[in-house]
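Data block below; observations after.
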There are 2 protein chains.
Amino acid sequence: MRTSDKHQKIIQAAIKVFARKGFFSARISDIAKEAKVADGTIYLYFNNKYDILISIFEEEIGKIILQVKLAIEEETDPRRMLEVFALHHLKLVEEKRDLAEVLQMELRQSNKFMKEYRNTRFIEYVDIISTIIHLGQEQNIFRKELLPGVAKRAFFGALDEMSRLWVLAPETGYTIEETAKEISNIFLFGACRQSMAE
Amino acid sequence: MRTSDKHQKIIQAAIKVFARKGFFSARISDIAKEAKVADGTIYLYFNNKYDILISIFEEEIGKIILQVKLAIEEETDPRRMLEVFALHHLKLVEEKRDLAEVLQMELRQSNKFMKEYRNTRFIEYVDIISTIIHLGQEQNIFRKELLPGVAKRAFFGALDEMSRLWVLAPETGYTIEETAKEISNIFLFGACRQSMAE
DNA sequence: TTATTATGAATGATGGTTCATTTTGATCTT
DNA sequence: AAGATCAAAATGAACCATCATTCATAATAA
């Protein structure tokens, strides 16, 4: 059996277990059982429990970034790009619920218990948005005065709050598509009635 | 010494310790030392470690809700109300950093390790926003088609992502006031250049 | 035969919780 | 005013369950 197989099996098992119980309540023996592997085997592939979590972040976010960037390259209009990003972000909950749950719940507070770990992958992910915003400003579509550091986080935060909701309570009455559309719309055009439409 | 004094002392100590170490890494003895109280004393006022955390949520969010509602009642324009809400939410990081940190980091994932606990106070807080949005729709200021469940979370999420940033890395280069203004602006009018202004 | 990979019982540290004991302070007695 | 009494409040050492991690041993495969 190839090394990478066990590595992957453990990662996938850990995602499941962390999603179900949370990082701290999850036991190594839970992960081992889920991966159909002995407790000790885990330590042949990872240094410790934290290392498993970090590997999940690094490897899985890496895959997501790749996919999203690819999808965005298909588009030319920055407005559409934002919608595509939104769609991808929200879809994650549906397509990989366990992973979404781990990223939602554990990633955010990882800085607390892993002081030294700087999650550059996560930053890279959010910065996809600022790239789009910058593009939109260059094309004279977005307002020049937008504060990029605020705008990107406003958009990301809005999306992420919705995906947090879905992770906690799957039923909201809204579909992913309409939610992505609505959030993009609010971000692009605002909640106010457009006075010109009068 | 009155009962309530110790209760408060322990709560305040716990906020400090939870902020510094996170809920799981915090030891009861840490909290006891910070509160200048014996370990056992804590169990005279709280059932267990979780109970301390829940009490923080209930009592402290209660206070915040009161303050915010009061400040919003001063305003008549829903657009201003949103800005006031934003200002209050962001100010919390500055004025009560430890509490903000606990709410940011621990509150969100509380559902994971305290399955039975439904945080109604938190819901109540976010619902202040939907009340404002509803008002704005009635006054024909906000678009009627806004999905209230999405819009309120978009606004809240945007704000909260910024306060998460401040909790993690205090220096961002933006002031609270300009951030509140910017987020409100984006939410109200969008990121796009208003075409009528052409 | 030997190097690699895997096992899972044993180890050891940790820290939430308990509880026998002490301290406090209010009330009553003389 | 000085003891005496007692319930409530506080203490902190000890208990014990819980795992993360290790490592002597076994299985596998080259």
Side-chain angles (χ1 to χ4, degrees), chain A residues 1-58 102 105-107 109-110 112-117, chain B residues 1-58 102 105-107 109-110 112-117:
Chain A
M1 181 173 283
R2 259 175 47 259
T3 292
S4 56
D5 286 338
K6 284 264 159 86
H7 181 93
Q8 259 310 301
K9 256 171 81 175
I10 293 167
I11 289 270
Q12 293 310 319
I15 291 173
K16 260 194 191 154
V17 176
F18 287 158
R20 201 182 314 129
K21 309 185 113 185
F23 176 77
F24 282 102
S25 302
R27 281 164 291 167
I28 290 291
S29 59
D30 292 333
I31 299 172
K33 196 192 291 178
E34 179 73 39
K36 297 202 181 76
V37 143
D39 292 18
T41 304
I42 289 179
Y43 289 87
L44 298 175
Y45 295 90
F46 301 91
N47 296 323
N48 50 46
K49 202 179 166 186
Y50 293 114
D51 193 30
I52 304 175
L53 189 60
I54 291 176
S55 299
I56 293 175
F57 292 163
E58 298 286 335
V102 174
M105 300 295 163
E106 315 297 336
L107 175 63
Q109 65 151 17
S110 58
K112 182 70 54 53
F113 52 84
M114 302 179 307
K115 288 293 180 193
E116 70 297 350
Y117 178 58
Chain B
M1 182 174 282
R2 261 175 45 259
T3 291
S4 57
D5 285 339
K6 284 264 160 84
H7 181 93
Q8 260 309 301
K9 258 172 79 176
I10 293 168
I11 289 271
Q12 293 310 318
I15 290 174
K16 260 193 193 154
V17 176
F18 287 158
R20 201 181 314 130
K21 308 185 112 183
F23 176 77
F24 281 103
S25 302
R27 280 165 291 166
I28 290 290
S29 58
D30 293 331
I31 299 172
K33 195 190 293 177
E34 179 74 39
K36 296 201 181 75
V37 142
D39 292 18
T41 305
I42 290 179
Y43 289 87
L44 298 175
Y45 295 90
F46 301 91
N47 296 323
N48 51 46
K49 201 178 168 188
Y50 293 114
D51 193 29
I52 304 176
L53 189 59
I54 291 176
S55 298
I56 293 175
F57 294 162
E58 299 286 336
V102 175
M105 299 296 163
E106 314 297 336
L107 174 63
Q109 63 150 17
S110 59
K112 181 71 52 53
F113 52 85
M114 302 180 303
K115 289 293 184 195
E116 70 299 347
Y117 178 58

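Note on naming: letters A, B, ... go to the chains in the order of the sequence lines (proteins, then strands), and numbering restarts at 1 for each one.
Remark: B:Ile28 engages B:Ile42, B:Tyr43, B:Lys49, B:Ile52 in a side chain to side chain contact (heavy atoms under 4.5 Å, CB included) (not counting sequence neighbours). A:Phe23 is linked by a ring-ring contact (aromatic ring centres under 6.0 Å, His included) to A:Phe18, A:Tyr50, A:Phe113, counting only residues two or more places apart in sequence or in another chain. In terms of the side-chain hydrogen bond (donor to acceptor under 3.5 Å, both in side chains) criterion, B:Glu106 has no residue partners (sequence neighbours excluded). Here A:Gln109 pairs with nothing under the side-chain hydrogen bond (donor to acceptor under 3.5 Å, both in side chains) rule; sequence neighbours left out. In this view, B:Lys16 and B:Glu34 satisfy the salt bridge (Lys or Arg N to Asp or Glu O under 4.0 Å) rule, not counting sequence neighbours.
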At a cut-off of 3.5 Å, list every protein nitrogen or oxygen paired with a nitrogen or oxygen from nucleotides 18-22 of chain D, distance to 0.1 Å.
residue	atom	partner	partner atom	Å
D:dA20	OP1	A:Ala26	O	3.1
D:dA20	OP1	A:Lys49	NZ	3.0
D:dA20	OP2	A:Ile28	N	2.6
D:dT21	OP2	A:Tyr43	OH	2.7
D:dT21	OP2	A:Lys49	N	3.1
D:dT21	O5'	A:Tyr43	OH	3.4

Atom pairs under 3.5 Å: protein N/O with N/O of nucleotides 25-27 of chain D:
none

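Between A:Lys6 and C:dT5 there is no side-chain polar atom (N or O) within less than 4.0 angstrom of OP1 or OP2.
Contact check for A:Tyr45 versus A:Gln8: no side-chain heavy atoms found under the 4.5 Å cut-off.
If you take CG of A:Asp5 and P of C:dT5, they are 13 Å apart, rounded to a whole angstrom. If you take OH of B:Tyr45 and C1' of D:dA10, they are 8 Å apart, rounded to a whole angstrom. The NZ atom of B:Lys9 sits 16 Å away from the P atom of D:dA9 (whole-angstrom rounding). Taking atom CG of A:Leu44 as the reference point, atom P of D:dC23 lies 13 Å away to the nearest angstrom. A:Lys36 has its NZ atom 19 Å from the C1' atom of C:dT5, to the nearest Å.
Side-chain N or O atoms of B:Ser55 include one that pairs as donor or acceptor with a backbone N or O of B:Asp51 at under 3.5 Å.
For residues 23-32 of chain B, every residue pair satisfying the salt bridge (Lys or Arg N to Asp or Glu O under 4.0 Å) rule, not counting sequence neighbours, is listed here: B:Lys21-B:Asp30, B:Arg27-B:Asp30.
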